[in-house]
Amino acid sequence: TGTMFNANNGEYDGDLDSLKKTGFYRSKSTNNGNPSVAFYSVVVYGNQGNVTAQIATLLSGPATYVRSFNTTWTSWVRIDD
């Protein structure tokens with residue numbers, strides 16, 4: 001699947017589970033695959049063309065989540081207090 005962005009504000013409009021390109025994204029509150037219904041900054045990590053992890057930081061408060069990818073995505077795990 002291609003990467004979809006809102007031309008007005010640069011937000012990623014797709015499902016985070018389908019996001020297979022490394023980089024930094026702003027995820028809308030309505031996106032599937034978010035840790036919860038909220039806006040997130042998402043960093044997608046990869047190695048030699050393969051996505052290996054995502055880190056999502058809640059924009060409205062101090063919550064950070066991480067998950068990894070092998071053949072499927074693991075569940076989001078909160079990594080802060």
Side-chain angles (χ1 to χ4, degrees):
T1 57
T3 304
M4 301 171 291
F5 288 96
N6 182 316
N8 294 325
N9 57 20
E11 290 174 338
Y12 175 67
D13 285 339
D15 185 338
L16 288 188
D17 292 347
S18 299
L19 189 53
K20 301 290 173 62
K21 189 170 187 173
T22 59
F24 180 82
Y25 303 88
R26 181 175 171 179
S27 182
K28 295 174 20 170
S29 63
T30 55
N31 287 7
N32 289 329
N34 280 352
S36 65
V37 180
F39 287 85
Y40 288 89
S41 291
V42 180
V43 181
V44 181
Y45 294 90
N47 180 16
Q48 298 177 354
N50 296 315
V51 168
T52 56
Q54 290 179 342
I55 296 177
T57 302
L58 185 65
L59 292 178
S60 63
T64 302
Y65 300 84
V66 64
R67 66 180 179 167
S68 62
F69 184 87
N70 186 4
T71 56
T72 61
W73 284 109
T74 61
S75 298
W76 286 106
V77 175
R78 188 168 174 168
I79 59 172
D80 62 85
D81 293 329

Tell me the closest heavy-atom pair linking L59 and S41, and the distance in Å.
CD2-OG, 3.0 Å
Apply the test side-chain contact (heavy atoms from CB on, under 4.5 Å) to residues F69 and Q54: give CA-CA distance (whole Å), side-chain angles for both, the deciding distance (0.1 Å), then the verdict.
CA-CA 8 Å; F69 184 87; Q54 290 179 342; over 6 Å; no
Would you call V42 and Y12 a side-chain contact if the rule is heavy atoms closer than 4.5 Å?
no
Euclidean distance, D80 CG relative to T64 OG1, rounded to 0.5 Å:
4.5 Å
Would you say I79 ends up clustered with V43 if hydrophobic residues are merged whenever their side chains have heavy atoms under 4.5 Å apart, either directly or through other cluster members?
yes
Please round to the nearest 0.5 Å and tell me the distance separating atom CG of D13 and atom OH of Y25.
13.0 Å
Between OG of S36 and OH of Y65, what distance do you get to the nearest 0.5 Å?
5.0 Å
Compare all side-chain heavy atoms of N31 with those of Y40 and state whether any distance is below 4.5 angstrom.
no
Same cluster or not: F39 versus V37, using hydrophobic residues (I, L, V, M, F, W, Y) connected whenever any side-chain heavy atoms lie under 4.5 Å apart?
no
Please check if the side chain of N34 supplies one atom and the backbone of K28 the other of a donor-acceptor pair under 3.5 Å.
yes
Counting distance only, does the side-chain N/O of D17 pair as donor-acceptor with the main-chain N or O of W73 below 3.5 Å?
no
Nearest atoms (heavy-atom pairs only) where R67 meets G33:
NH2-O, 3.9 Å
Nearest 0.5 Å please: distance from the CG atom of N32 over to the OG atom of S27.
9.5 Å
I need the minimum non-hydrogen distance between L16 and W76, along with the two atoms involved.
CD1-CZ2, 4.2 Å
